[in-house]
Amino acid sequence: MSDTRRLFFALPIPPKTQRALVKWRADQFSAEAGRPIAAANLHITLAFLGDISEQKSQALQNMAARIKQPAFSLDLDDAGHWPGAGVVWLGTRRAPRGLLQLAELLRSQAARSGCYQSPLPFHPHVTLLRGATKAVVLPPSGFHWPIDFEYFALYSSEFRRGRTRYEQIAAWPLIT
Ligand code: 3AM
């Protein structure tokens with residue numbers, strides 16, 4: 001049995017907003033647009049770590065526990081489609097500095113611990129649909145999903161019986 005897990009740091013979307021987003025998504029996108037992500041799996045990835053050992057995971061959790069980052073809010077008011085990745089996403093036109101700082105810190109700690117980090121610029125987003133490789137009609141601008149983030153978390157990602165399951169392993173508060 002493998003003793004590594006596929007892990008990532010993320011900001012969970014609060015459950016109430018997850019439920020509202022899923023309802024809104026059903027009105028905005030046709031069934032052919034792509035595969036909807038389950039409400040409980042909606043999140044903003046901060047740093048993807050890959051398949052890592054328990055030892056490395058512990059070291060990264062110890063570093064995460066020392067982060068002192070003020071809480072922040074953001075407005076999900078932007079939508080886009082990455083056809084290559086087959087992803088339809090929601091994002092924000094004004095990423096809060098606190099979010100960018102937190103992601104930068106986690107990504108640099110991950111890189112220093114030997115976790116490959118994509119050279120592409122960090123684009124905070126909530127993946128709404130996967131498998132969206134054809135043209136998609138995006139929601140008209142004017143929508144706003146305000147969210148207050150009060151903690152960030154470490155998740156494992158496991159593909160089992162045809163489904164991706166995310167499990168929260170640990171969480172750390174942002175300073176309020
Ligand atoms: O849902 P999003 O896009 O925020 O795309 C994967 C998902 O992010 C991303 O990690 C999150 C949890 O699976 N991911 C998966 N493989 C990746 C990789 N090799 C990756 N991000 C960067 N590099």
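Small disclaimer: the values here were computed from a predicted structure and weren't measured. Counting starts at 1 for both ligands and their atoms, in listed order.
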Top protein contact for atom 4 (O) of ligand 1, by heavy-atom distance: T45 OG1, 2.6 Å

S57 side chain to Q61 side chain, donor-acceptor N/O pair below 3.5 angstrom: yes

Check: Y155 ring centre within less than 6.0 Å of F9 ring centre: no

Atoms of ligand 1 close to R6 [distance to a heavy atom under 4.0 angstrom, numbered from 1]: 15 (C), 16 (N)

Over 12 non-hydrogen atoms of neighbours within 6.0 angstrom of CD in E54: yes

Among F48, F8, F159, F9, closest by any non-hydrogen atom to atom 9 (C) of ligand 1: F48

S157 N/O under 3.5 Å from ligand 1 N/O: no

Flag for D75-T92: side-chain donor and acceptor within less than 3.5 Å: no

Nearest-0.5 Å distance that lies between atom CG in L49 and atom OG in S157: 11.5 Å

Close approach of W89 to ligand 1, heavy atoms, under 4.0 angstrom: no

Shortest heavy-atom approach to atom 5 (O) of ligand 1 - which of R130, H43, Q117: R130

From the candidates T127, L46, L7, the one that places a heavy atom nearest atom 2 (P) of ligand 1: T127

Part of Y166 with heavy atoms under 4.0 Å of ligand 1, whether side chain, backbone, both or neither: side chain

W89 ring center within less than 6.0 Å of H81 ring center: no

